[in-house]
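The sequence lines fix the lettering, A, B, ..., with proteins before strands; numbering per chain opens at 1.
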2 protein chains.
Amino acid sequence: MRKLARTLDVYPTAIYWYVPNRNAILAAVVDHALHDILPAAPSDDWRGWLRQLFHRYREGVRRHPNVAALAGAQLISNGGMRPQLIDQILTVLDSAGFQGADLRHAYNVVIAVMTGFVTMEFAPQPADDVPAWRDSVRNTFRSADAETYPVLARYLPDLENQAFVVRWQNGVDAPLDDSFDAYVDVAVHGLEMLASRVPSTQAAV
Amino acid sequence: MRKLARTLDVYPTAIYWYVPNRNAILAAVVDHALHDILPAAPSDDWRGWLRQLFHRYREGVRRHPNVAALAGAQLISNGGMRPQLIDQILTVLDSAGFQGADLRHAYNVVIAVMTGFVTMEFAPQPADDVPAWRDSVRNTFRSADAETYPVLARYLPDLENQAFVVRWQNGVDAPLDDSFDAYVDVAVHGLEMLASRVPSTQAAV
DNA sequence: ACCTGAACACCGTTCAAGT
DNA sequence: ACCTGAACACCGTTCAAGT
């Protein structure tokens, strides 16, 4: 708040004339970062529509990386997700054949998939002493005993800074584009399987 | 730190004799919460092993919900994920046939899946004025125009407090067990598809 | 209507001083 | 070796006072 006030050239307390509290600002920030992630009107290609949604969410966060931890890990940020987004996702899943409790589950899967990878990918670094922390991460894994952790030791060169946990930068400096593509493939194929076993489709069999 | 010191009946500054800073404690907390999530020695049933991993991670977070936002959305928490966990996941994916870059992608998918749903499910509520916030969420969706958002309006009774975004409690008070099961099914089937298209298996065709 | 300015009740962390 | 105690540089938020 104080920093924001400084950039606005007012006293910190002036902000409270326009906004009830800090959380309201955070929700508005999330809303702004995600305001244009919704794909064009849902077609009958629900797989393609979901793929677009996942990629557009990632683009929104990539443009405003500080919202990652907010949108993916804080309930306040729900205020930043518009009813239209929810309605469209439900519409698309409904068109995919999901109904009742199955639709709810599919919806929860979609939201979790949408936020999951990206929240981790753009997770903020520790604020202070970044170089020391980076070295300690590198060291933990490089000094990990090759006999105790043989597979890790073998793949370490491929993983360093390109794999979750085994990295010291986040998606801003070291994006995981290809892994994200694989992730979206996994989710869409998994949802396809889920759609194929809902009652309506089973009745058609 | 000050609250922790109070429960330890020491001055806040005494803590710094044992620990370099707050982040080190947070990493240790994550480590403790997740220390026993690793399934028994990897068998050849990599699907079953991954299912267990996902469920045990959720159990760990369910027992210590405050680590959700840490483990899923902050890079410091990487220090709380043990090399053994990484090595085992890589071992299992290797046994599933993943190699090279594909193994890295599968690994990233597994970590993202493991943390994604659960981070959102146990996302902390806003600290202050919980009832006011809860009413505002409820109101946002109940007053959402049924003509503008027809599908949302229709499914709202099924969704309220049981679906991401459309809720005012987190997994501590309103767990999403069935949706999580669907999520794990989606992930495992998706990974199965991914495994079936890696080079080694294509060569066998 | 909109902002200042003082004040309150907090933070994490340092460093010298005690025992 | 381990803790106290003062101090520093921060927070978000309130409320009365100004214009």
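Using a 4.0 Å cut-off between charged nitrogen and carboxylate oxygen, A/E160 and A/R142 count as a salt-bridge pair. With salt bridges taken as basic N to acidic carboxylate O contacts below 4.0 Å, one links B/R51 and B/D185. Taking the charged nitrogens against the carboxylate oxygens, B/R62 and B/E59 do have a contact shorter than 4.0 Å, which makes a salt bridge.
For B/Y11, no side-chain nitrogen or oxygen approaches OP1 or OP2 of D/dC3 to under 4.0 Å. Taking 4.0 angstrom as the limit, A/Y18 places a side-chain polar atom (N or O) nearer than this to OP1 or OP2 of C/dC3. The shortest distance between the side-chain N/O atoms of B/W17 and the OP1/OP2 oxygens of D/dC2 is below 4.0 Å.
Base pairing in DNA chain C yields stems of at least 3 consecutive Watson-Crick or G-U pairs, both distances under 3.5 Å, namely C:4-8 with D:12-16, C:12-16 with D:4-8.
Among pairs with a residue in residues 99-124 of chain A, those fulfilling ring-ring contact (aromatic ring centres under 6.0 Å, His included) read A/F117-A/F164, A/F117-A/F180, A/F117-A/Y183, at least two apart in sequence or across chains.
Side chain of B/T13, nearest nucleotide from C/dG12, D/dG12, C/dC15: C/dC15. The side chain of B/R2 approaches C/dG12 more closely than any other nucleotide in the set C/dG12, D/dT4, C/dG5.
Here D/dC2 presents its C1' atom at 14 Å from CD1 of B/I15, a figure rounded to the nearest Å.
In this structure, the side chains of A/P65 and A/N170 stay at 4.5 Å or more apart for every pair of heavy atoms. At a threshold of 4.5 Å between non-hydrogen side-chain atoms, the residues B/H35 and B/R82 count as touching.
Between B/Y16 and A/V10, it is A/V10 whose nearest contact on DNA chain C lies nearer the 5' terminus.
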